[in-house]
Amino acid sequence: MAADETFVVVGAGHAGGRAVEAMRGAGFDGRIVLAGAESHLPYERPPLSKEVLAKDKDLAYCLTNSEDWYADNRIEVMLGDPVRALDPGRRRVVLDSGREVAYSRLLLATGARVRRLGLPGDDLAGVHYLRAIDDALALRADLREGARIVVVGGGFIGLEVAASARLRGCRVTVLESMPALLGRVAAPGIAEHVEGVHRRNGVDVRTGVTVTALEGGPRVERVVLANGEVLAADAVVVGIGVVPNVELAAAAGIETDNGVLVDEFCRASAPDVYAAGDVTNHYNPLLGKRMRLESWQNAQNQAIAAAKVMCGAEAPFAEVPWLWSDQFDLNLQIAGAGMEADETVSRENADGFIVFQRAGGRLIGAIAVNRPRDMRAARTLIAKRPDVPAADLADPSIPLRKLIG
Ligand SMILES: Cc1cc2nc3c(=O)[nH]c(=O)nc-3n(C[C@H](O)[C@H](O)[C@H](O)COP(=O)(O)OP(=O)(O)OC[C@H]3O[C@@H](n4cnc5c(N)ncnc54)[C@H](O)[C@@H]3O)c2cc1C
């Protein structure tokens, strides 16, 4: 790593922010350019649907580092100026403003954007999507006490928004087209439990319903369902998933397939191009498969791993995937790759429960409801002792950490 080298990071989000920190941490003394489409310094997104909406926290609460930190660490931050083209042949990026920056090594951390509803009326005022701090602040302004808030999508974001809106005294309806909430979480009992928590907190949860249009003007006033029902709404929040921002990479001839394809060393298909965070479809050597994750852990730790590799380390990014969600007093944590389970084993106690997911007799995933400590042990078991017997997993008299061996 020569001091005359330049590392360019495209995307000043969570992964981008942690990557530049890790580059300096690994001793890289050259030029670092961090280019971001948003006009804000890198920040973490989990608080957007929680503390920012429910507790009036703002950008300062979410920032990964202060403005001074970037100056002190000689990070050239170029904000509000998205990168519009990459040229891996000439090793250059071109920003929207026309600025060009040459790189020795490039990290793509362009994240993901919200999936649009694509129905009549989804561009009316009062229809919200939630990805960025500006989205959260605009939504918060509409979460007035007594306001009728319709949430389209019963996944993590939709349910966290529903909880925050209830905490602000809104009247909240959640609409989910699938028969159960949390379609991404395939384990018996979880969706029912989460639905129960929401109902007990006054959320009107409706599953198996399809939205066909949003009506009103200039503000949204009504949500029309396929069954003919019409719901009055003062604001609508759409949370139906995200799509990775791969276009920049794809246009430059870098291989993509549901994300920028990277190996376990975060290397993309072009020389000296790396990627980290929501935008990647990466190979996880621990689980022996490719995956695209949308989680804090992946944004943070894959970015750190990528930065270290860019600085010359030879350590792969190999972690058990993990994410959490907080809704009311419910803490939900998910680890591993449980969607492929052929068997589940539950362990319950007074505070909550944990469901272990197994495939071919091996532990591949776990979902914990209000059991954060059990989840810590479960993550280690998935990584190190997938052969742990089902009977031991089910027996609450055996502390999980004892099974790690
Ligand atoms: C509301 C919300 C709540 C969440 N809660 C949780 C949670 O509780 N637990 C959990 O594990 N995860 C949670 N997540 C997920 C987690 O925050 C994301 O996985 C993480 O932010 C991904 O980081 P990233 O850096 O890859 O992408 P992002 O944080 O999306 O950052 C990408 C950045 O790149 C910028 N960009 C895109 N294209 C360009 C371009 N061409 N040029 C320059 N810049 C560009 C974008 O504008 C953006 O600023 C939540 C996400 C959201 C939105």
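Each ligand, and each atom within it, is numbered from 1 in the order the structure gives.
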Do other residues, nucleotides or ligands put more than 12 heavy atoms under 6.0 Å from the CD atom of E343? yes
Part of V10 within contact of ligand 1 (heavy atoms, under 4.0 Å): side chain
Looking at non-hydrogen atoms alone, which of L332, L248, I157, L48 comes nearest to atom 52 (C) of ligand 1? I157
Near L323, which atoms of ligand 1 are under 4.0 Å from a heavy atom of that residue? 11 (O)
Is the ring pair H282/F317 parallel, tilted or perpendicular, if the boundaries are 30 and 60 degrees? tilted
Minimum non-hydrogen distance to atom 10 (C) of ligand 1, winning option of F156, Y129, W296: W296
Any nitrogen or oxygen of W322, side chain or backbone, less than 3.5 Å from one on ligand 1? no
Options E38, R113, Q297, Q333, ranked by nearest heavy atom to atom 48 (C) of ligand 1, top entry: E38
Considering the heavy atoms of G36, write down every atom of ligand 1 situated less than 4.0 Å from one of them. 43 (C), 44 (N)
Considering residues at least two apart in sequence or located in another chain, which fulfil the side chain to side chain donor-acceptor pair (under 3.5 Å) criterion with D204? R206
Could you identify the single nearest non-hydrogen protein atom to atom 44 (N) of ligand 1 and state the distance to 0.1 Å? A37 N, 3.0 Å
Taking the side chain from R168 and the backbone from L53, do they hold a donor-acceptor pair closer than 3.5 Å? yes
If we number the atoms of ligand 1 from 1 as shown, the ones under 4.0 Å from a heavy atom of A109 are 32 (C), 33 (C), 34 (O)
Are any of the N or O atoms of A15 closer than 3.5 Å to those of ligand 1? yes
Taking atom CZ of F353 and atom CG of N370, what is their separation to the nearest 0.5 Å? 9.0 Å
Note: P46, heavy atoms under 4.0 Å from ligand 1, region reported as both
Relative to the heavy atoms of V83, which atoms of ligand 1 are at a distance of less than 4.0 Å? 40 (C), 41 (N), 42 (N), 43 (C)
Look at D142 together with R140 and state whether they make a salt bridge at an N to O cut-off of under 4.0 Å. no
Assess whether a salt bridge exists between D96 and R84, defined as any Lys/Arg side-chain N lying under 4.0 Å from an Asp/Glu carboxylate O. yes
Only heavy atoms of A35, strictly under 4.0 Å: list the atoms of ligand 1 that pass. 43 (C), 44 (N)
Quick one: which of G239, P82, G277, S49 has a heavy atom closest to atom 3 (C) of ligand 1? S49
Measure from atom 18 (C) of ligand 1 to every heavy atom in V279, L86, D278 and give the option owning the shortest one. D278
Suppose we measure from atom 37 (C) of ligand 1 to each protein heavy atom; which comes out shortest, and what is that distance? T110 O, 3.2 Å
Would you sort out whether T280 and Q302 count as a side chain to side chain donor-acceptor pair (under 3.5 Å), showing the intermediate values? CA-CA 10 Å; T280 65; Q302 194 182 26; 3.0 Å; yes
Looking at D374 and R347, does any basic side-chain N land under 4.0 Å from a carboxylate oxygen? no
Give the residue, atom name and distance (to 0.1 Å) of the protein heavy atom nearest atom 27 (O) of ligand 1. G111 CA, 3.3 Å
Polar atom proximity, W324 to ligand 1 (N or O, under 3.5 Å): yes
Salt-bridge criterion met for R91 and D272 (N-O under 4.0 Å): yes
Is any side-chain N of the basic residue among R171 and E145 closer than 4.0 Å to the acidic one's carboxylate O? no
To which protein heavy atom is atom 35 (C) of ligand 1 closest, and what is the distance rounded to 0.1 Å? G11 CA, 3.9 Å
Lys/Arg-Asp/Glu bridge criterion (N-O < 4.0 Å) met for R45, D278: no
Option with minimal heavy-atom separation from atom 5 (N) of ligand 1, where the choices are R45, H14, K50, R84: K50
Give me the residue, atom name and distance of the protein heavy atom closest to atom 30 (O) of ligand 1. R131 NH2, 2.7 Å
Show which atoms of ligand 1 fall inside a sub-4.0 Å distance from at least one heavy-atom site of A299. 20 (C), 22 (C), 23 (O)
So, E76 and R74, do they make that salt bridge, N to O below 4.0 Å? no
